[in-house]
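Everything on this sheet refers to the single structure shown next.
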Amino acid sequence: MHSLNVQTDMWIPLLGLTALPHVGGLYGGFITRKEVKTWYTTLNKPSWRPPNAAFPVVWTTLYTGMGYGSYLVWKELGGFNENSLVPLGLYGLQLALNWAWTPIFFGAHKIKLALIELVMLSGTVAATMVSWYPVNRTATLLMVPYMAWLCLATSLNYCIWRDNPETKKD
C-alpha cells in the first residue's frame with residue numbers, strides 16, 4: 001500500500017503542474033474564439049504572421065513544456081518551500097502575465113497595452129529561465145521554445161499596433 005501512495009504522490013504534482021498553464025489557455029481560448037472571427041479580421045496584420053490554426057497547437061505544446069518544466073524545478077527543490085520561492089514565484093508571475101495578455105489584446109482591444117504587457121512577460125520569462133538554470137537545465141531548455149515564440153508574438157503585436165492606430169476618444 002505504501003508504494004501505491006508514493007506513486008500517487010508523484011503523479012498528482014506531475015499532472016497538476018503540467019496541466020496548470022492550460023487553465024489560462026482554455027480561458028483565453030474562449031475570449032479569442034469570438035474575436036478572431038470578428039475584430040481580429042478587421043486589423044492590418046503582417047504577411048508573415050502564422051495562420052490562426054497554428055496558435056492552439058503551438059500554445060498547447062508550449063503550455064505543456066513550461067508546466068512540465070515547473071514540475072521538474074518543484075521536484076528538484078523538494079516542493080513549495082523557501083528554496084523554490086524565487087524560481088516558482090517568477091514562474092507564477094510569468095504565468096499570470098501570460099494569461100493576462102489575451103483579455104488585454106482580444107478582450108479589451110488594447111493593442112499598445114498588450115505590447116507593453118508582452119515585453120514585461122518576456123522579461124519575466126527570461127528571469128524565470130535564469131533562476132531555473134542552476135536548479136534544472138532541462139526545465140530551462142523547455143522554456144526556450146516559449147521564449148522564441150514570445151519574440152515572434154511581440155514582433156507580431158508590435159506590427160499590429162504600428163499598422164492599426166488606435167482612435168483617440170474625447
For residues Asn98 and Tyr63, is any side-chain donor paired with an opposing acceptor at under 3.5 Å?
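Note: Asn98 and Tyr63 side chains meet the donor-acceptor criterion.
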
Modelled atom types, side-chain donor and acceptor of Gln94 and Tyr146, under 3.5 Å
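Per modelled atom types, Gln94 and Tyr146 side chains form a pair under 3.5 Å.
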
Establish whether Leu113 and Leu118 are linked, either directly or via other cluster members, by ILVMFWY side-chain heavy-atom contacts under 4.5 Å.
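In one cluster: no.
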
With clusters defined by side-chain heavy atoms of hydrophobic residues (ILVMFWY) lying less than 4.5 Å apart, directly or transitively, does Leu85 cluster with Trp74?
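Per the 4.5 Å side-chain linkage, Trp74 and Leu85 are not co-clustered.
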
Atom pair [atom1]/[atom2] of [X] and [Y] - distance to nearest 0.5 Å:
X	Y	atom1	atom2	result
Leu156	Lys45	CG	NZ	9.0 Å
Leu141	Met129	CG	CE	7.5 Å
Leu43	Cys159	CG	SG	12.5 Å
Lys110	Leu115	NZ	CG	14.5 Å
Thr102	Trp59	OG1	CH2	8.0 Å

With a 4.5 Å limit on heavy-atom distance, are the side chains of Ser131 and Tyr91 in contact?
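No, every pair of side-chain atoms sits at 4.5 Å or beyond.
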
Tell me every residue that passes side chain to side chain donor-acceptor pair (under 3.5 Å) with Arg33, counting only those two or more places apart in sequence or in another chain.
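With neighbours one apart ignored, the set is empty.
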
Closest non-hydrogen atom pair between Ser122 and Met147, with its separation
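Heavy atoms of Ser122 and Met147 come nearest at O-CE, 3.2 Å.
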
Do the ring planes of Phe106 and Trp39 sit parallel (below 30°), tilted (30 to 60°) or perpendicular (above 60°)?
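Ring orientation, 0 to 90° scale: perpendicular.
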
Where does the angle between the aromatic ring planes of Trp161 and Tyr158 fall among parallel (under 30°), tilted (30 to 60°) and perpendicular (over 60°)?
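Ring orientation, 0 to 90° scale: tilted.
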
